[in-house]
S.K.: 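For reference, the structure I am asking about is given below.
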Amino acid sequence: MENTKQVKLILEDGTEIEGTSFGAFTSSAGEVVFSTAMTGYPENLTDPSFAGQILVLTYPMVGNYGVPGEELYESISTIFESDKIHIAGLVVNYYSEEHSHWNAAKSLGDWLKEYNIPGIFGVDTRMLTKKLREKGAMLGKIVAETDVPLHDPNLDNLVAQVSQPGVQHYGHGKYKIALVDCGTKTNIIRCFLERDVELIRVPWDYDFTTLDYDGLFLSNGPGDPKMCEATIAHLKKALQQDKPIFGICLGSQLMGLAAGGDTFKLKYGHRSHNQPVKLTGTQHCYITSQNHGFAVDTATLPAEWEMLFENLNDGTCEGIKHKTKPFFSTQFHPEAAGGPEDTGFLFDDFLKAVAEYKAK
């Protein structure tokens, strides 16, 4: 391979792992997490929910299908989940410098260089993942020529860093949906536009209660949900009304906090395309795409709220709903990208609730 520069992955417990650099030859620090997704790195790396994290991919070979070229529709990407790479670094076992795919425009390494993101390969990712499962997500850094201090991204307001500034409009459909952007994946916008809606996308701290809308949507996003104090305050007002509200991922945690519940940090999070969840009170199970490190503590929810979905791996909350009002959320990603789209019907359920509200 052309690039044979050596770098190190150093964890907060003192573990040092040597490997070979690809992408940008630079140092970077963040929270080291793992994903068991087998495909979809163009989507995952551009997911704002990964902001501040050094991502370990457990699939053994990465980069073999390259990175597709950019295409836009309604000013958003038709392929990527945002307008840039959000991870702090990438860790893989084997990096395929040669790529082959019909829509590949560049290599993964060249793409990382464009955004000054370091990568390291030649790492025993199986061993590393076992360590992260046993000890939990850990702070770490990829060190090239210059050392950098460890940094905990969860102490930062990551949502404020990834939320788009200003109000943006998409579509001209029959329903007007206010989308609170805490780090929105663009496939969420695509899913709404496919369903004939008008989207009003507002920044995370925007007072959306001043808007005229038919339904409210709370997006995914990175970091500790308790950092979003402004969003929670506005959401508390919205919960006093009856307009339908739908939250995904961080949006689920924000809904739980605004309802009066609490959230907690998971040991190593859920990051994969194969997380099984069960619809509460039924035997209906779904395979879901997930990317989050925090969850709602259902024991702290007020009596008028209940768990909507349960994670079948660890029993944690995968969504909540109000018992009488049209408010619900999912901790997983119904829009996937990448991953299974088994739960895409939840967008239809939300818009059905919007239609029923408007018909009153």
Side-chain angles (χ1 to χ4, degrees), residues 35-44 46-49 71 73-74 76-82 170-171 173-199 201 214-221 244-253 255 270-292 307-313 317-321 326-357:
S35 172
T36 60
M38 294 190 291
T39 60
Y41 58 77
E43 294 90 344
N44 287 342
T46 53
D47 179 353
S49 295
E71 296 178 13
Y73 172 74
E74 285 272 355
I76 62 170
S77 174
T78 62
I79 298 171
F80 303 115
E81 293 306 295
S82 70
Y170 308 90
K174 56 184 176 180
Y175 302 123
K176 188 179 295 184
I177 305 301
L179 185 160
V180 184
D181 177 15
C182 297
T184 307
K185 289 177 62 182
T186 51
N187 201 43
I188 290 173
I189 298 175
R190 298 183 208 118
C191 286
F192 274 121
L193 293 180
E194 289 170 0
R195 290 167 170 82
D196 192 28
V197 303
E198 175 186 348
L199 280 179
R201 182 181 186 179
D214 302 318
L216 178 65
F217 177 82
L218 311 168
S219 86
N220 63 292
I245 306 175
F246 178 24
I248 287 178
C249 197
L250 181 77
S252 183
Q253 299 157 25
M255 187 178 290
H270 301 149
R271 298 174 182 89
S272 68
H273 294 166
N274 56 358
Q275 289 282 332
V277 304
K278 184 174 78 169
L279 181 63
T280 302
T282 75
Q283 292 301 309
H284 294 299
C285 299
Y286 305 93
I287 300 301
T288 66
S289 178
Q290 301 196 15
N291 176 17
H292 61 100
M307 184 163 65
L308 179 57
F309 291 95
E310 175 188 1
N311 188 295
L312 292 178
N313 284 335
C317 176
E318 289 286 354
I320 61 175
K321 72 171 182 176
F327 309 151
F328 74 98
S329 67
T330 67
Q331 189 59 66
F332 53 86
H333 286 271
E335 84 290 348
E341 299 179 351
D342 301 21
T343 55
F345 65 87
L346 292 169
F347 287 96
D348 300 313
D349 288 353
F350 172 57
L351 293 178
K352 180 181 178 182
V354 170
E356 291 174 350
Y357 174 79

S.K.: Taking side chain as C-beta onward, heavy atoms only, is Thr184 less than 4.5 Å from Pro48?
M.R.: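 Answer no - side chains too far apart.
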
S.K.: Work out which heavy atom in Arg195 is nearest to a heavy atom in Phe347; give both atom names and the distance.
M.R.: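 For Arg195 versus Phe347, the nearest heavy atoms are NE-CB, 3.5 Å.
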
S.K.: Just checking Phe192 against Tyr170, ring centres under 6.0 Å apart?
M.R.: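 Ring-ring flag for Phe192/Tyr170: false, centres at least 6.0 Å apart.
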
S.K.: Given 3.5 Å as the limit, does a donor-acceptor pair link the side chain of Ser289 with the main chain of Pro340, or not?
M.R.: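 Not at all, since once roles are kept as given, no pair shorter than 3.5 Å links the two residues.
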
S.K.: How close do Glu43 and Ala337 get, heavy atom to heavy atom, and via which atoms?
M.R.: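 Scanning both residues completely, I find the closest heavy atoms to be CB-O, 3.3 Å.
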
S.K.: To the nearest 0.5 angstrom, please state how far the CG atom of Asp214 sits from the NZ atom of Lys174.
M.R.: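 Answer for the CG-NZ pair, Asp214 versus Lys174, is 11.5 Å.
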
S.K.: Calculate, to the nearest 0.5 Å, the distance between atoms SG and CZ belonging to Cys285 and Phe309 respectively.
M.R.: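 So the SG of Cys285 and the CZ of Phe309 are separated by 10.5 Å.
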
S.K.: Looking at Glu318 and Glu310, what are the two nearest heavy atoms and their distance?
M.R.: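 Scanning both residues completely, I find the closest heavy atoms to be CG-C, 3.9 Å.
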
S.K.: Checking the side chain of Arg190 only, and the main-chain atoms of Ser77 only, is there a donor and an acceptor separated by less than 3.5 Å?
M.R.: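 Checked: pair present.
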
S.K.: Please check if the number of heavy atoms outside Met307 that lie under 6.0 Å from its CE is greater than 12.
M.R.: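 Yes, the 6.0 Å shell around CE holds more than 12 heavy atoms from other groups.
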
S.K.: Given side chains that start at C-beta, do those of His333 and Cys249 come closer than 4.5 Å, heavy atoms only?
M.R.: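 Side chain of His333 against side chain of Cys249, heavy atoms only: contact under 4.5 Å found.
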
S.K.: Measure from the side-chain N and O atoms of Glu81 to the backbone N and O of Asn187, and report whether any donor-acceptor pair falls under 3.5 Å.
M.R.: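 Answer holds: yes.
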
S.K.: If you define the side chain from C-beta out and look only at heavy atoms, does anything of Phe332 sit under 4.5 Å from Leu346?
M.R.: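 Result yes, sub-4.5 Å side-chain heavy-atom pair found.
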
S.K.: Nearest 0.5 Å please: distance from the CG atom of Leu199 over to the CD1 atom of Ile189.
M.R.: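 Rounded to the nearest 0.5 Å, the CG-CD1 separation comes to 6.5 Å.
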
S.K.: Ignoring hydrogens and angles, state whether a donor on the side chain of Asp47 or Asn291 is under 3.5 Å from an acceptor on the partner side chain.
M.R.: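 Yes, Asn291 and Asp47 have a side-chain donor paired with an acceptor closer than 3.5 Å.
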
S.K.: Nearest 0.5 angstrom please: Ile320 CD1 to Gln253 CD, how far?
M.R.: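 Ile320 CD1 to Gln253 CD: 10.0 Å, rounded to 0.5 Å.
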
S.K.: Please check if atom OH in Tyr73 has more than 12 non-hydrogen atoms from other residues, nucleotides or ligands closer than 6.0 Å.
M.R.: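 For Tyr73, atom OH is not crowded (no more than 12 foreign heavy atoms under 6.0 Å).
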
S.K.: Check whether Thr280 reaches the backbone of Leu308 with its side chain - one donor and one acceptor, N or O, closer than 3.5 Å.
M.R.: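 Checked: pair present.
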
S.K.: Below 4.5 Å, heavy atoms only, C-beta onward: do Phe246 and Ile177 meet side chain to side chain?
M.R.: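 No, their side chains stay 4.5 Å or more apart.
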
S.K.: Tell me the closest heavy-atom pair linking Glu341 and Ala336, and the distance in Å.
M.R.: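 Where Glu341 meets Ala336 most closely, the heavy atoms are CG-CB, 3.9 Å.
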
S.K.: Considering non-hydrogen atoms only, spot the tightest contact between Pro334 and Ile248 and give its length.
M.R.: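 That would be CD-CD1, 3.5 Å.
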
S.K.: State, to 0.1 Å, how close Gly183 and Ser219 come at their nearest heavy-atom pair, and which atoms those are.
M.R.: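 Closest pair (atom of Gly183, atom of Ser219, distance): N-OG, 3.5 Å.
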
S.K.: Are the side chain of Ser252 and the backbone N or O of Gly319 linked by a donor-acceptor pair below 3.5 Å?
M.R.: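 No; judged by distance alone, with no hydrogens or angles, the pair does not exist.
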
S.K.: At what distance, to the nearest 0.5 angstrom, does NE2 of His273 lie from CG of Asn44?
M.R.: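 His273 atom NE2 to Asn44 atom CG measures 4.5 Å (nearest 0.5 Å).
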
S.K.: Working to the nearest 0.5 angstrom, can you tell me the gap between Thr36 OG1 and Gln290 CD?
M.R.: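 Nearest 0.5 Å value for the OG1-CD distance: 10.0 Å.
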
S.K.: I'd like to know if the side chain of Asn220 reaches the main chain of Lys185, judged simply by a donor and an acceptor atom lying under 3.5 Å from each other, with no hydrogens or angles considered.
M.R.: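 Such a contact is found between Asn220 side chain and Lys185 backbone.
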
